[in-house]
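Heads up: the structure comes next, in structure tokens.
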Number of protein chains: 2
Amino acid sequence: MCAKRAQNYDCPVRDVLDRVGDAWSVLVILELSKGNARFNALCRVIGGISPRMLSVTLRHLERDGLVVRRVMDVKPPQVDYGLTDLGHSLHGAISALSRWAEENQPSIRDSRSAFDERETAAA
Amino acid sequence: MCAKRAQNYDCPVRDVLDRVGDAWSVLVILELSKGNARFNALCRVIGGISPRMLSVTLRHLERDGLVVRRVMDVKPPQVDYGLTDLGHSLHGAISALSRWAEENQPSIRDSRSAFDERETAAA
DNA sequence: AGTAAGTAGTTACCAACAGTAACCTAGCTT
DNA sequence: AAGCTAGGTTACTGTTGGTAACTACTTACT
């Protein structure tokens, strides 16, 4: 989050958008909504995320109270991540948006290619 | 949008999140949902946005078919921006998320300060 | 006539952060 | 003792989000 945004408003929507706007956060939430998982399991199932980004993303989500991190007291210590109630309720809101996205993706795609053609034609 | 995201998936959610995740886009959509407006009017009413950012944001939204740009044929040429039907329907989805944000902001705030205290205590 | 202010942006530039690659400690396995 | 897994951290880089300053044209004021 840039300094400007931080100082400007205490708009609640921004707080949420800062999380939701991050694609990794969304993918992690979607993945965890299916059930708890461990670090490397998430790393494998979410294509293309690096350990660092997963680490950073999880810590953000944990800070916002959307995800809980539980260190299991087993011999090679395992770490289990899961959604909180808040996380689950956000998942509901996200999936509504995600439905909108799926329904309207064709329109957006069409607009984009039409727009890009006009641009390249003009140039 | 980074190269990685672009190449990774054609996930429809990402298309939408790239727009929705941008706070300026959301503010512009919220503003235009109240009615059409012109460039400098938007610039004034949206606190802290620079002409460049407004220009960039509007062009993105136009490209995605969420906003229409109409050049009025009057003496000092004016440009009028407004939401398309698609834009209005996205506004619906956004305001659902925005309601969630408002309802749950206290929880998020609490989590954050609790988390930050734990961190600073640990350090 | 000159100048200030409004129209709708564009250009040049910079700093921050998203992201990658490489490394680390520890325990179990072969 | 080499090599696997676990769960990360550190050091570095490149893109991009963002600001400040400028353009070009009109109208209004004095």
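Remember, predicted model here, so these are calculated numbers, not experimental data. Quick note on labels: first sequence line is chain A, next is B, and so on, each numbered from 1. Only this structure's heavy atoms are used, side chains among them; waters, hydrogens and symmetry mates stay out.
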Name each donor-acceptor pair under 3.5 Å that joins a side chain in residues 39-57 of chain B to protein atoms two or more places apart or in another chain, with its distance.
| from | atom 1 | to | atom 2 | distance (Å) |
| --- | --- | --- | --- | --- |
| B:S50 | OG | B:M53 | N | 3.2 |
| B:S55 | OG | B:R59 | NH2 | 3.4 |
| B:T57 | OG1 | B:M53 | O | 2.6 |

Under the rule for side chain to side chain contact (heavy atoms under 4.5 Å, CB included), what residues qualify as partners of [X], not counting sequence neighbours?
X	value
A:R38	A:Q78, A:D80
B:T84	B:V68, B:L86
B:R19	B:S25, B:H60, B:L61, B:D64, B:L66

(request) Determine the minimum heavy-atom distance between B:L83 and B:N36, stating which atoms define it. (result) N-OD1, 4.3 Å
Rounded distance (Å) that lies between atom [atom2] of [N] and atom [atom1] of [X]:
X	N	atom1	atom2	result
B:M53	D:dA20	CE	C1'	14 Å
B:M72	C:dA8	CE	C1'	14 Å
A:D22	D:dG17	CG	P	13 Å
B:L42	C:dG9	CG	C1'	13 Å

(message) Counting primed atoms plus P, OP1 and OP2 as sugar-phosphate and everything else as base, spell out the protein contacts along nucleotides 4-14 of chain D at 4.0 Å heavy-atom distance: B, S or - for each nucleotide, 5' to 3'.
(response) --BBBBBB---
(request) Please determine if a side-chain N or O atom of B:W24 lies less than 4.0 Å away from the OP1 or OP2 oxygen of D:dG17. (result) no
(message) Applying side chain to side chain donor-acceptor pair (under 3.5 Å) as the test, list every pair that has at least one member in residues 86-96 of chain A; sequence neighbours left out.
(response) A:S33-A:H91, A:S89-B:W100
